[in-house]
Amino acid sequence: MPDGLGSRITEISGTALPIRGNDIDTDRIVPARYLKEVTFDRMGEYPFFDERFDANGNPRPHPFNDPKYQGASILLANANFGSGSSREHAPQALYRFGIHAIVGESFAAIFTGNSLAIGLPTVTVSHDDMERLMAAVEAKPELKLSLDLSEKCLVFDGGVIPVEVSEMARKSLAEGYWDSTSTLAANMPKVRQVAARLPYLNGF
Amino acid sequence: MSERTLFDKVWDAHTVDILPTGQTQLFIGLHLVHEVTSPQAFAMLREAGLSVAFPERTFATADHIVPTDTRARPFLDAQAEEMMQAIEGNTRDFGIEFYGLDSERQGIVHVIGPQLGITQPGMTLACGDSHTATHGAFGTLAFGIGTTQVRDVLATQCLAMEKLKVRRINITGALSPGVYAKDVILAIIRRLGVGGGKGYAYEYGGTVVDRMTMDERMTVCNMSIEGGALVGYVNPDATTFNFLRGRTFAPPAEQFERATNYWLSMASDPDATYDDQIEMDGPAIEPTVTWGINPGQATGISERLPLPEELPDPAGAQRAYQHMGFTPGTPVRGIPIDVAFVGSCTNSRLSDLRAAAQVAKGKHVNPRVRAIVVPGSYGVKAEAEKEGLDQIFRDAGFEWRAAGCSMCLAMNPDQLHGRELCASSSNRNFIGRQGSPEGRTILMSPAMVAAAAISGQISDVREFL
């Protein structure tokens with residue numbers, strides 16, 4: 001049995017890093033060639049690699065290269081962030097780069113699940129609030145943000161923006177259930193009962 | 001209980017418990033594993049001292065990284081070789097059936113599951129791959145998951161899930177000649193958007209889907225995730241049962257009738273209630289191609305490239321045009337291509353190869369174009385060769401390869417170079433997807449790829465039939 005539950009995640013504070021554009025897919029977040037590594041150890045080097053570096057490895061202007069966003073722990077994104085491939089390498093890369101929460105207008109389904117499974121909250125705000133947030137952070141990168149999952153809000157510069165997070169995800173993060181193996185494994189007797197009554201596992 | 005969808009019934013039959021978070025603990029009847037998204041999951045099992053709970057419900061193959069021009073080991077790419085050895089070692093150590101390059105059952109994971117009859121109606125299925133919804137063609141609830149979730153399924157055969165809503169998509173009437181399943185799903189995504197399916201399972205139906213073969217239904221379900229839907233499915237019917245009968249892992253003859261009765265009972269009730277319903281007009285769908293950097297940026301072959309300001313996301317369209325180098329308002333037909341790729345879990349089955357071969361037969365690939373055909377599995381390749389399709393392709397100047405994911409995501413040596421433009425039967429036109437950060441992809445049906453390969457430009461396949 002694993003140790004049990006994961007850490008309790010209720011609040012993430014820090015500076016933010018805006019990445020503009022809808023439909024940012026996981027191929028852009030981590031190019032497929034880095035999926036040939038059999039561990040996640042080096043993923044923190046790869047977020048947006050092909051946008052951040054030219055063919056010779058020279059850095060290009062990109063929020064992830066910009067010194068003014070260095071040390072940011074909250075990523076700001078527009079709509080349908082993390083679409084496409086199910087590669088967990090994408091949230092792993094962001095997390096290992098130092099991103100510990102993502103605030104977006106919306107997220108792709110598998111990306112949301114993968115992020116939750118590693119304890120990386122994804123919460124949503126309205127389009128207008130995201131515009132405000134991005135503009136505020138671009139104007140003042142040292143701005144401190146605080147994401148409060150219990151109160152479902154994002155506090156910054158005296159302002160408060162309401163955030164949406166599913167109650168299941170919120171609980172999962174707050175109580176450590178996001179590290180799910182032990183919770184699922186505790187039910188193994190019931191799992192075997194379900195298997196025993198499924199016609200296709202029992203000769204119909 | 002009536003009024004239930006297949007989604008409701010399969011979900012309920014596989015519910016183990018409601019977790020303290022409110023999530024459902026869902027039993028996964030079948031787990032498919034491939035080499036790319038599994039090594040870290042096996043490492044996590046080892047670290048925790050766990051075993052695989054249901055090894056007999058777990059099947060593995062190698063598809064993403066395998067070269068398609070040679071099967072020789074060790075692979076020239078040392079990383080690919082290490083990854084191959086990892087899946088070989090992990091499946092051996094944990095007692096999982098593995099179809100490697102020396103197996104006649106090897107192939108793209110979403111091609112071999114159905115082909116071997118492992119995928120069946122009324123099941124839940126998971127795989128560390130976003131195109132897992134392909135199996136939904138059988139009336140299976142098939143979830144694409146990440147590596148940590150692969151760990152959970154290996155360890156417990158379960159996932160912690162939030163239930164989805166169900167959107168019924170009715171495609172009525174009939175398709176015109178030269179219009180294929182690929183055009184149907186591209187038209188659906190174009191209409192509903194790449195994020196439109198978020199929170200939904202898509203149930204595809206209507207006369208167009210009723211008349212589709214299983215291969216065609218798989219093509220439609222395959223790209224559900226491209227429309228934002230985690231799950232896509234078609235209710236099982238006689239077409240489904242006829243496909244499955246006699247396959248290696250299908251129920252044996254003496255169980256088959258009981259199996260079909262069960263499968264039919266899992267189909268959506270005629271009066272099932274849906275969270276949303278969409279009507280599509282089959283005859284209005286024409287051969288469809290993408291022009292941008294996501295699968296929703298698509299257009300009918302006879303249309304002109306849309307103006308950014310006509311679209312819901314003008315900034316996204318502008319970025320797409322910047323990458324593709326096309327001019328808004330000009331015809332999509334006639335754009336010259338460099339590469340043609342027939343393959344991928346979307347369109348690499350026997351009927352796909354037949355459709356492309358029908359167009360290629362007796363013609364020749366434009367000398368400017370590099371064209372490859374990559375069958376979806378060892379089995380598909382063998383059947384195609386029995387029919388002589390390989391010869392038709394070779395005579396026309398296509399390369400005929402061994403099975404794998406190949407140029408769909410370019411994790412093997414099959415890649416675009418520089419700004420090459422590829423007419424591709426795959427599922428994603430994302431920037432960099434086919435191996436070159438500057439590379440460009442236009443998605444279309446396999447027959448349209450063959451037409452583009454021969455003419456050297458984006459063409460209307462209806463002129464080739």
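In what follows, chains carry the letters A, B, and so on, assigned in the order in which the sequence lines appear, proteins first and then strands, with residues in each chain numbered from 1.
Note on L230(B), T147(B), V150(B): by heavy-atom pairs under 4.5 Å with chain A, the leading option is T147(B). With respect to chain B, the highest number of heavy-atom pairs below 4.5 Å among P91(A), A90(A), A32(A) belongs to A32(A). Listed options T39(A), T26(A), N187(A), N78(A) were ranked by heavy-atom pairs under 4.5 angstrom with chain B; first place goes to N187(A). The residue among P437(B), P295(B), A259(B) with the most heavy atom pairs within less than 4.5 Å of chain A is A259(B). Contact count against chain B (heavy-atom pairs under 4.5 Å) is highest for L198(A) among D50(A), L201(A), L198(A), I118(A). In terms of heavy-atom pairs under 4.5 angstrom with chain B, the leader among G84(A), A55(A), P31(A), G21(A) is G84(A). Among the candidates I293(B), I431(B), I65(B), D313(B), the residue making the largest number of heavy-atom pairs closer than 4.5 Å to chain A is D313(B). Contact count against chain B (heavy-atom pairs under 4.5 Å) is highest for F40(A) among F40(A), F49(A), F111(A), F107(A). Heavy-atom pairs under 4.5 Å with chain A were tallied for E254(B), Q157(B), Q415(B), M123(B); the largest tally goes to M123(B).
The closest side-chain heavy-atom distance from F143(B) to I110(A) is not below 4.5 Å. Between R28(A) and F430(B) the shortest side-chain heavy-atom distance does not fall below 4.5 Å. The shortest side-chain heavy-atom distance between V16(B) and Q193(A) does not fall under the 4.5 Å cut-off. Annotation: side chain of N261(B) is not in contact with side chain of F204(A) (no heavy-atom distance under 4.5 Å). A 4.5 Å side-chain heavy-atom check between V38(A) and Q40(B) finds every atom pair outside the cut-off.
F54(B) and A195(A) make their closest contact through CE2-CB, 3.8 Å (heavy atoms, listed as atom of the first residue, atom of the second, distance). Annotation for G29(B) and Y200(A): closest pair CA-OH, 3.1 Å, computed over non-hydrogen atoms. Among all heavy-atom pairs drawn from R258(B) and G203(A), the shortest one is NH2-O, 2.9 Å. Residues M83(B) and L35(A) come closest through the heavy atom pair CE-O, 3.2 Å. Across all non-hydrogen atoms, the minimal contact from G228(B) to A109(A) is O-CB, 4.5 Å. Of all heavy-atom pairs spanning A13(B) and R197(A), the tightest one is O-NH2, 3.9 Å.
When the shell of 6.0 Å around CD of E164(A) is examined, it contains 12 or fewer heavy atoms from other residues, nucleotides or ligands. Counted within 6.0 Å of CD on E257(B), heavy atoms from surrounding residues, nucleotides or ligands total 12 or fewer; the atom is thus considered open. Atom CD of E47(B) has 12 or fewer neighbouring heavy atoms from other residues, nucleotides or ligands inside a 6.0 Å radius. Within a 6.0 Å radius of CD in Q70(A), other residues, nucleotides and ligands contribute 12 heavy atoms or fewer.
Between the R433(B) side chain and the D27(A) main chain, no donor and acceptor come within less than 3.5 Å of each other. No donor-acceptor pair closer than 3.5 Å links the side chain of R87(A) to the backbone N or O of V36(B).
Contact annotation for P20(B): both backbone and side-chain heavy atoms come within less than 4.5 Å of a heavy atom of chain A. When heavy atoms are compared at a cutoff of 4.5 Å, A315(B) does not approach chain A at all. Proximity to chain A (any heavy atom under 4.5 Å) is shown, for L164(B), by neither the backbone nor the side chain. For a residue to count as touching a neighbouring chain, one of its non-hydrogen atoms must lie under 4.5 Å from one of that chain's; by this rule Q79(B) touches chain A with backbone and side chain alike. Proximity to chain B is limited to the side chain of T112(A), based on heavy atoms less than 4.5 angstrom apart. For a residue to count as touching a neighbouring chain, one of its non-hydrogen atoms must lie under 4.5 Å from one of that chain's; by this rule D77(B) touches chain A with the side chain only. No part of A229(B) comes within reach of chain A, as not one of its non-hydrogen atoms sits under 4.5 angstrom from that chain. Neither the backbone nor the side chain of T132(B) comes within less than 4.5 Å of any heavy atom in chain A. With a threshold of 4.5 angstrom between heavy atoms, S172(A) approaches chain B through its backbone and through its side chain. Contacts of T124(B) with chain A are made by both backbone and side-chain atoms, with heavy-atom separations under 4.5 Å. Both the backbone and the side chain of H14(B) come within contact range of chain A, each with at least one heavy atom under 4.5 Å from a heavy atom of that chain.
How far CG of L19(B) is from CG of L184(A): 6.0 Å, rounded to the nearest 0.5 Å. A distance of 8.5 Å separates CG in N294(B) from CG in D25(A), rounded to the nearest 0.5 Å. Interatomic distance, D152(B) CG to T181(A) OG1, rounded to the nearest 0.5 Å: 4.0 Å. Summarising the geometry, atom NZ belonging to K163(B) is positioned 10.5 Å from atom CE belonging to M168(A); distances are rounded to the nearest 0.5 Å. Taken to the nearest 0.5 Å, the CG atom of L409(B) stands 7.5 Å off from the OG atom of S85(A). Q297(B) CD to D23(A) CG: the interatomic distance, rounded to the nearest 0.5 Å, is 7.5 Å.
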Open item on the list: One pair to check against side-chain contact (heavy atoms from CB on, under 4.5 Å): T15(B) and V194(A). What are the steps and the verdict?
Closed with: CA-CA 8 Å; T15(B) 295; V194(A) 170; over 6 Å; no

Task: N80(A)/K198(B) under side-chain contact (heavy atoms from CB on, under 4.5 Å): CA gap, chis, key distance, verdict - done: CA-CA 9 Å; N80(A) 198 31; K198(B) 164 91 170 149; 5.9 Å; no

Open item on the list: The test is side-chain contact (heavy atoms from CB on, under 4.5 Å); show your working for N114(A) and I145(B) and say whether it passes.
Closed with: CA-CA 7 Å; N114(A) 283 342; I145(B) 58 175; 5.5 Å; no

- [ ] For M411(B) and R33(A), run side-chain contact (heavy atoms from CB on, under 4.5 Å): C-alpha distance rounded to whole Å, both residues' side-chain angles, the deciding distance at 0.1 Å, then the answer.
- [x] CA-CA 6 Å; M411(B) 285 191 72; R33(A) 61 183 180 278; over 6 Å; no

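Side-chain contact check for T37(B) and E88(A): no donor-acceptor pair (N or O, by modelled atom type) lies under 3.5 Å. With 3.5 Å as the limit, one finds no donor-acceptor pair spanning the side chains of D129(B) and S86(A). A donor atom on one side chain and an acceptor atom on the other are not found under 3.5 Å apart for T21(B) and E175(A).
In this structure, R192(A) is not positioned above the aromatic face of F27(B) in the sense of NZ or CZ being under 6.0 Å from the six-membered ring centre and within 45° of the axis.
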